[in-house]
Amino acid sequence: MKIKEWLKTLIFYEILIGMKQTMQHLLRYRPITLEYPHIKKPLPSNYRGMLALLKYDDDTEKCVGCDLCEAACPSRVIRVVSAEVPGEPTKRFAKEYYMDMTRCLFCGMCVQACPVDALGMTQEYEWAVYDKRNLQLNKEQLLAIGDRAFPVKEKRLEFQHPNVAYFNVSFKDIPEKEF
Ligand code: SF4
Ligand code: SF4
């Protein structure tokens with residue numbers, strides 16, 4: 001054994017190298033823990049928390065009951081029961097809307113799929129419950145979360161949402177009706 005290696009063994013060189021990082025942190029000690037829940041860390045603006053259903057500024061629901069969110073969800077969280085708007089057979093709405101949040105992956109695919117931006121992801125994460133059944137939310141509960149998390153609401157458009165109009169290609173480039 002060379003003298004250098006022998007000396008390293010004698011002074012526990014590897015252990016000293018390992019302890020270097022520990023000592024550096026110890027000498028530069030700054031508390032990094034927060035007194036949660038009294039102090040909370042700011043979340044990034046794109047944080048994907050609890051889902052919510054949204055309304056327009058006139059308090060009408062945005063959801064048109066199209067089921068696209070249900071189809072897009074990889075975890076079968078969403079169930080939409082759609083119906084015609086009374087007296088307006090071309091329009092639909094979500095008569096019932098359920099989310100089983102015990103299954104949600106918070107992937108955001110339902111939000112992306114919605115053509116009228118009726119779904120939003122809030123910054124809420126404190127949803128621990130004793131009974132998992134409390135995480136099966138209905139439409140009223142999801143709308144209430146939306147009201148709470150998004151107090152500033154989108155203005156209701158007079159005719160169609162631009163995203164819906166974009167897909168409504170069958171009415172483009174046809175001659176005007178003659179009366
Ligand atoms: S965030 Fe993902 S898993 Fe959760 S309801 Fe939406 S699509 Fe489903
Ligand atoms: S995709 Fe949007 S509009 Fe369609 S049912 Fe889901 S939340 Fe409602």
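In this text, all values refer to a predicted model and were calculated from it rather than measured experimentally. Both ligands and their constituent atoms are indexed starting at 1 by order of listing.
- Under a 4.0 Å criterion applied to the non-hydrogen atoms of Pro74, ligand 1 contributes the atoms 7 (S).
- In terms of protein heavy-atom proximity, atom 8 (Fe) of ligand 1 is nearest to Cys73 SG, 2.3 Å.
- Ionic pairing of Lys153 and Asp147 is present here: one or more N-O contacts between side-chain nitrogen and carboxylate oxygen are shorter than 4.0 angstrom.
- The NZ atom of Lys40 lies 5.0 Å from the OH atom of Tyr125; values are rounded to the nearest 0.5 Å.
- Excluding waters, the count of protein N/O/S atoms less than 2.8 Å from atom 6 (Fe) of ligand 2 comes to 1.
- Following chains of ILVMFWY side-chain contacts shorter than 4.5 Å, one can reach Trp127 starting from Val77, so the two form part of one hydrophobic cluster.
- Contact annotation: for Val111 versus ligand 1, there are no heavy atoms closer than 4.0 Å.
- Summary of contacts: the protein heavy atom closest to atom 4 (Fe) of ligand 1 is Cys104 SG, 2.3 Å.
- Put simply, Met109 and Leu119 are part of two different groups of oily side chains (I, L, V, M, F, W, Y) that touch within less than 4.5 Å, one to the next.
- When hydrogens are left out, the protein atom nearest atom 2 (Fe) of ligand 1 is Cys107 SG, 2.3 Å; that is the closest non-hydrogen contact.
- Taking each heavy atom of Gly146 and Leu54 in turn, the nearest pair found is CA-CD2, 4.1 Å.
- Nearest heavy-atom pair across Leu105 and Pro74 is CD1-CG, 3.9 Å.
- Linking ILVMFWY residues whenever their side-chain heavy atoms come closer than 4.5 Å, directly or via other members, places Ile3 and Leu10 in the same cluster.
- Numbered from 1 in the order shown, with element, the atoms of ligand 2 that lie under 4.0 Å from a heavy atom of Val116 read 3 (S).
- Contact annotation: Gly108 has at least one heavy atom less than 4.0 Å from an atom of ligand 1.
- Within ligand 1, counting atoms from 1 as listed, the ones closer than 4.0 Å to a heavy atom of Leu51 are 1 (S), 4 (Fe), 5 (S), 6 (Fe).
- Proximity to Phe106 (heavy-atom distance under 4.0 Å) selects the following atoms of ligand 1: 1 (S), 4 (Fe).
- The nearest non-hydrogen atom to atom 5 (S) of ligand 1, considering only Val77, Leu105, Asp100, comes from Val77.
- Transitive grouping of hydrophobic side chains (ILVMFWY, heavy atoms separated by less than 4.5 Å) brings Leu135 and Leu137 into a common cluster.
- Placement of Phe106 and Val111 within a single hydrophobic cluster is found when ILVMFWY residues are connected by side-chain heavy-atom separations under 4.5 Å, directly or transitively.
- Residues forming a side-chain hydrogen bond (donor to acceptor under 3.5 Å, both in side chains) with Lys8 (at least two apart in sequence, or on another chain): none.
- The shortest heavy-atom contact between Lys62 and Ala118 is CB-CB, 3.6 Å.
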